[in-house]
Amino acid sequence: MLDVGLLRSEPERIAESLRRRGVDVDLDRLVALDEKIRKVRHEAEEVRATQKRLGKEIARLAGDEKQEAIARASELADRYKALNEEVERLEEEFREAWITLPNLVDPTAADGFTEEDNVEVKRVGEPPVFDFEFADHATLGERLDVIDTARAAKVSGTRFGYIKGQGALLEFGLVRWAMERLVGEGFTPMVPPVLVREMALFGTGFFPGDREQVYAIPQDDLYLVGTSEVSLAAYHADEILEPEALPIRYAGFSTCFRREAGTYGKDTTGIFRVHQFDKVEMFVFCQPDASRDEHERLLAIEESLVQALELPYRVVNVAAGDLGASAAKKYDIEAWFPSQGRYREITSCSNTTDFQSRRLKVRTRGEKGTHLVHTLNGTAVAVGRVLIAILENHQRPDGTVAVPAALRPYVGFDAFTP
RNA sequence: GGAGAGGUGGCCGAGUGGUCGAAGGCGCUCGCCUGCUAAGCGAGUAGGGGGUGAACAGCCUCCUCGAGGGUUCAAAUCCCUCCCUCUCCGCCA
């Protein structure tokens, strides 16, 4: 959610941001609506103030004088009620449009509207050159008996997978390893709820826009999170954080659930794109002037993890039009997938500035009053994607797959073997 | 799932229709005092919106006592619905 003050003072900044995203909104209508709301509200408040003053007199009066005053107050009460209803109607109309506006795009975010417009920031490592018949992750997963999508289809349908055997052990080692690294970077480990209320999804900006991507449990009015970003962000909702405590950094481990609506036919082999996967997510609350540095820091941490896993990758600055509603700027790390012959997303790191904190009311104290904090999120380890990137990049001619050296002490074996 | 208790400011806690955005305490901030510390004394200390301002200054004003609705001239206080927490029983990893 944007600051309404910005609509009054610099509507052209909002317009420019919307242009960069390729979103068309009638801002003039919102400006006019906002003015009208203030006018009517002011009128309502003046009536209310008069009524309240009269009410205080009533307490001291008696007899006819009192009856007469009550009659007048009653009239004022009716007028206030009518005006207030008008205000509420207008506010609802305004709010409905306002909450759909995405965050202001950062000036340094890449231009363009689609994935193709993402700007490569850097490329690290060399895609492996295989002098043997290499396999894709689905084939490797089956051969090594670490991924079973066939039975998952029987049990749960398409886009599900069993991770078994050495694959399951790798997950636990990977998660433990990543958590330890993050604790070393000042993060507090968390295992947050994966079922949340609507408020948490609204507050993080997934609602109303991405509603169709979220699994709902209507019986209990709960939703399954697509990322622990949701429950980590909402953790401090309605709180005023002590400035000395900032930045607050959390590393959340959770299962993530995504409906993947509208992706029929995309990434249908293996577990590249599934409805359920586990992830270690970084989430930061910080002072507004610190969020740019914090964003670069999160990216650096992500890179160090991917490097330790010995995966060739590139970093892209995501195009404005391809950003989620809450992000002002986003970096993706894309690992090389030999079977696809291209780089594909394995982490994503966003600076959401005050977009989420305004919705969630997460503030801190300053010299004069309170102000909103900034929030950021970034993937540390998306288990499924990392597993398959390891399988594909570290496969060997004898059919085994090497476990990255950094991970060996955590997973307990040096190679996947059939 | 059944029975009961309760949700008030950073925290504890009073307050059952008007003088309450809210006693008192703790904490915190700023002064004073005292060789230092501790103690003591004084003052201050919720959040958000609107109007008027160059102003994130002042002044005026509205809203918020878990959330939403209702009764009333007037609600923290009365009524309804919901949410949450706690205790006991049942069930359960």
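Quick caveat, the model's predicted, so the values are computed rather than measured. In what follows, every chain begins at residue 1, and chains take the letters A, B, ... in the order their sequences are listed.
The separation between A:R48 atom CZ and B:C73 atom P is 13 Å, rounded to whole Å. Rounded to a whole Å, the CD atom of A:E35 is 13 Å from the P atom of B:G50. A:I70 places its CD1 atom 17 Å from the P atom of B:G17, with the value rounded to the nearest Å. Residue A:R363 contributes atom CZ, which lies 13 Å from atom P of B:G9 at whole-angstrom precision. Computed from coordinates, the A:D220 CG to B:C84 P distance equals 10 Å when rounded to whole Å. Computed from coordinates, the A:L54 CG to B:U61 P distance equals 15 Å when rounded to whole Å. When the P atom of B:C84 is taken as reference, atom CG of A:D238 falls 15 Å away, rounded to whole Å. To the nearest angstrom, C1' of B:G53 lies 14 Å from NE2 of A:H42.
Taking the nucleotide of RNA chain B with the nearest heavy atom to each of A:A49 and A:R8, the more 5' of the two is matched to A:R8. Nearer the 5' end of RNA chain B, as judged by each residue's closest nucleotide, is the contact made by A:D34, out of A:D34 and A:T50.
Separation of the P atoms belonging to B:A5 and B:C79 is 14 Å when rounded to the nearest angstrom. Comparing the same atom, C1', in B:U77 and in B:G15 gives a spacing of 8 Å after rounding to whole Å. A gap of 36 Å separates the C1' atoms of B:A76 and B:G40, to the nearest Å. Annotation: B:A39 and B:C28 have their P atoms spaced 10 Å apart (nearest Å). Taking atom C1' in both B:C63 and B:G21, the straight-line distance is 11 Å, to the nearest Å. Here, B:A74 and B:C11 have their C1' atoms 32 Å apart, quoted to the whole Å. Nucleotides B:U8 and B:A14, compared at atom C1', are 10 Å apart to the nearest Å. Comparing the P positions of B:C73 and B:C89 gives a spacing of 49 Å, expressed to the nearest Å.
Salt-bridge annotation for A:E57 and A:K66: absent, with no side-chain N of the basic residue lying under 4.0 Å from a carboxylate O of the acidic one. The pair A:D322-A:R21 does not count as a salt bridge, with every side-chain nitrogen at least 4.0 angstrom from each carboxylate oxygen. A salt bridge is absent between A:K39 and A:E35; no separation between the charged side-chain nitrogens and carboxylate oxygens falls under 4.0 Å. Electrostatic pairing of A:E45 and A:R48 does not count as a salt bridge here, judged by no charged N lying under 4.0 Å from a carboxylate O. Classification of A:R363 and A:E239 as a salt-bridged pair fails, no side-chain N sitting under 4.0 Å from a carboxylate O.
Within the shown strands, B:G42 is the pairing partner of B:C30 under the Watson-Crick or G-U definition, both distances less than 3.5 Å. A 3.5 Å limit on both hydrogen-bonding distances identifies no Watson-Crick or G-U partner for B:A55. Nucleotide B:A5 has B:U85 as its partner under the Watson-Crick or G-U criteria, with both atom distances under 3.5 Å. With a 3.5 Å ceiling on both atom-pair distances, B:G90 lacks any Watson-Crick or G-U wobble partner. The partner of B:G21 cannot be assigned: no Watson-Crick or G-U wobble pair with both contacts below 3.5 Å exists in any strand.
Of the listed nucleotides (B:G47, B:G49, B:G18), B:G47 has the atom at the smallest distance from the side chain of A:R365.
A:T227 and A:K279 share a donor-acceptor pair across their side chains, judged by distance under 3.5 Å alone. Inspection of the A:K329 and A:T108 side chains reveals an N or O donor paired with an N or O acceptor under 3.5 Å.
OP1 or OP2 of B:G51 lies within a sub-4.0 Å distance of a side-chain N or O belonging to A:R38. Neither OP1 nor OP2 of B:G18 sits under 4.0 Å from any side-chain N or O of A:R53.
For B:G10, the base has no donor-acceptor partner in the side chain of A:E242 [N/O atoms by modelled type, under 3.5 angstrom].
Using a 4.0 Å heavy-atom cutoff across all strands shown, A:R197 reaches sugar-phosphate atoms only and no base atom. Contact annotation for A:K52: backbone-only contact, meaning every heavy-atom pair under 4.0 Å involves sugar-phosphate atoms and none involves a base. Using a 4.0 Å heavy-atom criterion, one finds that A:Q51 contacts the sugar-phosphate atoms exclusively.
Residues from residues 71-95 of chain A with heavy atoms under 4.0 angstrom of RNA chain B, sorted by number: A:A73, A:S74, A:A77.
Listed by first and then second residue, the ring-ring contact (aromatic ring centres under 6.0 Å, His included) pairs that reach into residues 348-382 of chain A come to none, sequence neighbours excluded. The list of salt bridge (charged side-chain N to carboxylate O under 4.0 Å, His left out) pairs with a residue in residues 197-216 of chain A, not counting sequence neighbours, reads A:E198-A:R211.
Taking the six-membered ring for Trp and thresholds of 30 and 60 degrees, A:F94 and A:W98 have nearly parallel ring planes, at less than 30 degrees apart.
With its glycosidic angle more than 90° from 0, B:G48 is assigned anti.
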